[in-house]
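Since the structure comes first, as structure tokens, the remarks are kept for the end.
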Amino acid sequence: MRNESMNLSKNEMMMVMHDQEQEIEKLKAEVAELQEKLDGYEIKVSETGNLAEAAAKITGLFETAQLTVDTYVENMRKRDAHSEEILADVEKQAEQIISEAEEVARKRLAAADVEIDEKWAVIESRLLVMYESHKGLQELVESGIFTIPGRENQ
């Protein structure tokens, strides 16, 4: 190229230099454009890295939250099962207490019935004694104004 440039005139040399300057400017512009694209890619890669990190952190938060919810639900199920066991025990105890109370009440009623029957028998025998010993009372009974339970009019 050096031999060829020696044969060129001053004008031709100026034109070649001018063409080379334009070519250099064109190449500089391309380099600048490519540098901008590269910087954009770096930003995108950086943002993508940041987004990926953020997504990973959010995913971790969701996983932790889900584990917390699962643990809470499981604890509630256990507490509910335990409460049901306690309720069943309390109901069983209540039924036993009611059954025992009903038995005590039946026994007391039976004893009261026996006591009433015994007292009534005593009263009845006293009334009979009084009836037989009082002539006026006998007349009242025979007239039908006064009756003695368990005793027919004679």
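Here the CD-CE distance, from E21 to M14, works out to 8.5 Å after rounding to the nearest 0.5 Å. Considering CD1 of I116 and CD1 of I123, their distance stands at 10.0 Å, rounded to 0.5 Å. Separation of atoms CD (E63) and CD (Q66) is listed at 9.5 Å; rounding is to 0.5 Å. K26 NZ to I24 CD1: the interatomic distance, rounded to the nearest 0.5 Å, is 13.0 Å. To the nearest 0.5 angstrom, E95 atom CD is 10.5 Å from E102 atom CD. Distance check, rounded to the nearest 0.5 Å: CG of L67 to CZ of F62 gives 13.5 Å.
Between the side chain of S83 and the backbone N or O of R79 there is at least one donor-acceptor pair closer than 3.5 Å.
Surrounding CE of M17 are at most 12 heavy atoms belonging to other residues, nucleotides or ligands under 6.0 Å away.
Electrostatic pairing of R106 and E103 counts as a salt bridge here, judged by a charged N lying under 4.0 Å from a carboxylate O.
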Determine, step by step, whether Q93 and D89 satisfy the side-chain hydrogen bond (donor to acceptor under 3.5 Å, both in side chains) criterion, reporting the C-alpha distance in whole Å, the side-chain angles of both residues, the deciding distance to 0.1 Å, and the verdict.
CA-CA 6 Å; Q93 289 174 2; D89 288 344; over 6 Å; no
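Under the 4.5 Å side-chain criterion, counting only non-hydrogen atoms from C-beta, E85 is in contact with H82.
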